[in-house]
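Shown next, in structure tokens, is the structure this report addresses.
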Amino acid sequence: MNDQLFIKSAFSQKVERPPVWMMRQAGRFMKEYRAIRENYSFLEMMKNPEIATDVTMLPVDLLGIDAAIMFCDILVTAEALGGQLSFVKGKGPVFANPVRSKSDVEKMVIPETYEEFGYVFEMIKNVKERLNGKTPLIGFAGSPFTVMSYLVEGQSSKDLKLTKLMINTEPETAKLLLSKLATVTANYLNAQIEAGVDALQIFDSWANTLSWEDYQEFSHFYIAEIISKLNRKDIPIISFCKGSSVFHPIMAEAKPDVISVDWNADLLRVKQSLPNEIAVQGNLDPFVLYGSREIIRKKVMRILEKMRNENGFIFNLGHGIMPDIPFDNVKYAIELIQEFRN
Ligand code: CP3
């Protein structure tokens, strides 16, 4: 088994300090990212294995982070089912052909995995060479529910009105779409394992819009299906959702190795309420990283002290880094965590 700190903590083994990485660490808060981005669109960067490799390596080289996450996006599984994806400045992701009816979903064909995502697997192989066994690489995909929400809304939305309308007026259409996404996603994640990733994370960013029962029926059910299909071997599976403070007991039923917790919860209480073999990841509010060194130290140390000597703890944010967070603040937080000893 891989004896890196991150992998050990993900499997709830004893470590001298918690490992740290940060969601959305491969992105705009780094000037090196913005310099590359001046010459390419986000999609061009993502689909060019050399550039995607370079961007994946930035937080490893500049921050000495304990895990790399591949540079890609969760919406590639929506694209794989025929969604015409672009990223529009000031608006975010846009689908030119949003899903509006059952026949739109029936027309969707499950693609051949290697043909569809070849650029991702090539990047994974490049990154693994660059990392040279020193730092583990996290692969990922979006949860069917969160990806569905973009396909249905056609763009980012605050309340997921159209998605929740579909769930409540045409639940069978929603379920057909979710199950197609689950199939594509399980194939895609298994192929990431084959290409060499050391861990996987499933991102369910919009779960918090659902009721307890609808979360079970329209999100958890499909995540559990995906996890049950993965050839996990010694690959830890991390389940992230916004809403995990509430939904973690349901998330645990899908048997992930790690649950990534949003910033609302008392992380220790969540950890103690879960089965022993499930680790937690989290849960600093990313807004703390806009603060002074004094504030950053206080709030980072508060989590470290709370989780002292807990096996199965990975330091992360409750959600992704914002693009305008000062790089030096992120670096400072990571140094604090890496200096800490249990
Ligand atoms: O964590 C990492 O750094 C790895 C790369 C990664 C990206 N997106 C790169 C990205 C990961 C893991 C994601 C996940 C993702 N993408 C999620 C789930 C996590 C979350 O934050 O909730 C979601 C909902 C998306 C969809 C998406 N992609 C949106 C809504 C946007 C626009 C908003 C934004 O942040 O700009 C993107 C674009 C995107 N994905 C960028 C990056 C670096 C910005 C692209 C740019 O340079 O303009």
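Both ligands and their constituent atoms are indexed starting at 1 by order of listing.
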Among all protein non-hydrogen atoms, which one is nearest to [atom], and what is the separation to 0.1 Å?
atom: atom 25 (C) of ligand 1; answer: Ile74 CG1, 3.5 Å
atom: atom 37 (C) of ligand 1; answer: Phe87 CE2, 3.4 Å
atom: atom 5 (C) of ligand 1; answer: Cys72 O, 3.6 Å
atom: atom 40 (N) of ligand 1; answer: Asp73 OD1, 2.8 Å
atom: atom 42 (C) of ligand 1; answer: Phe42 CE1, 3.5 Å
atom: atom 11 (C) of ligand 1; answer: Phe140 CZ, 3.7 Å
atom: atom 43 (C) of ligand 1; answer: Tyr33 OH, 3.5 Å
atom: atom 41 (C) of ligand 1; answer: Arg24 NH2, 3.6 Å

Polar atom proximity, [X] to ligand 1 (N or O, under 3.5 Å):
X: Trp21; answer: no
X: Gln25; answer: yes
X: Ser205; answer: yes

Enumerate the atoms of ligand 1 whose separation from the nearest heavy atom of [X] is less than 4.0 angstrom.
X: His319; answer: 20 (C), 21 (O), 22 (O)
X: Pro93; answer: 29 (C), 30 (C), 31 (C), 32 (C)
X: Phe203; answer: 12 (C), 18 (C), 19 (C)
X: Arg37; answer: 46 (C), 47 (O), 48 (O)
X: Phe71; answer: 43 (C)

**Message:** Can you check which of Met322, Arg34, Arg28 brings a heavy atom nearest to atom 33 (C) of ligand 1?
**Reply:**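 When every heavy atom of Met322, Arg34, Arg28 is considered, Arg28 comes closest to atom 33 (C) of ligand 1.
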Evaluate whether atom [atom1] of [X] has more than 12 neighbouring non-hydrogen atoms of other residues, nucleotides or ligands under 6.0 angstrom away.
X: Asp324; atom1: CG; answer: yes
X: Phe340; atom1: CZ; answer: yes
X: Glu294; atom1: CD; answer: no
X: Phe287; atom1: CZ; answer: no
X: Arg269; atom1: CZ; answer: no

**Result of checking Trp21, Phe240, Phe203, Phe71 against Phe140 for ring pair (Phe, Tyr, Trp, His ring centres under 6.0 Å)** =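 Of the listed residues Trp21, Phe240, Phe203, Phe71, the ring pair (Phe, Tyr, Trp, His ring centres under 6.0 Å) partner of Phe140 is Phe203.
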**Message:** Under 4.0 Å, heavy-atom basis, I'd like to know which part of Pro323 is in contact with ligand 1: side chain, backbone, both or neither.
**Reply:**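 The answer is neither; Pro323 stays 4.0 Å or more away.
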Does ligand 1 have any atom sitting under 4.0 Å from a heavy atom of [X]?
X: Tyr150; result: yes
X: Ala26; result: yes
X: Met70; result: yes

**Prompt:** Can any side-chain N or O of Asn342 pair as donor or acceptor with the backbone N or O of Asn309 at less than 3.5 Å?
**Reply:**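 A pair under 3.5 Å: yes.
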**Request:** Please answer whether the main-chain N or O of Met70 pairs with a side-chain N or O of Thr56 as donor and acceptor at a distance below 3.5 Å.
**Result:**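 Side chain of Thr56 to backbone of Met70, a donor-acceptor pair under 3.5 Å: no, none is there.
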**Ring-ring centroid check Phe121 Tyr114, cutoff 6.0 Å** =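 Yes, the ring centres sit under 6.0 Å apart.
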**Request:** Cation-pi check, Lys271 to Phe313: give yes when NZ or CZ is under 6.0 Å from the six-membered ring centre and within 45° of the ring axis, no otherwise.
**Result:**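 No.
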**Prompt:** Is the NZ or CZ atom of Arg37 positioned over Phe42's six-membered ring, under 6.0 angstrom from the centre and within 45° of the axis?
**Reply:**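 No, Arg37 does not lie over the aromatic ring of Phe42.
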**Prompt:** According to the side-chain hydrogen bond (donor to acceptor under 3.5 Å, both in side chains) rule, which pairs have a member within residues 71-80, sequence neighbours left out?
**Reply:**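 Pairs touching residues 71-80 that pass the test: Lys47-Glu79.
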**Item:** Polar side chain donor-acceptor pair, Glu153 to Thr163, under 3.5 angstrom
**Value:**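 There is such a pair (donor and acceptor under 3.5 Å, judged by atom type) between the side chains of Glu153 and Thr163.
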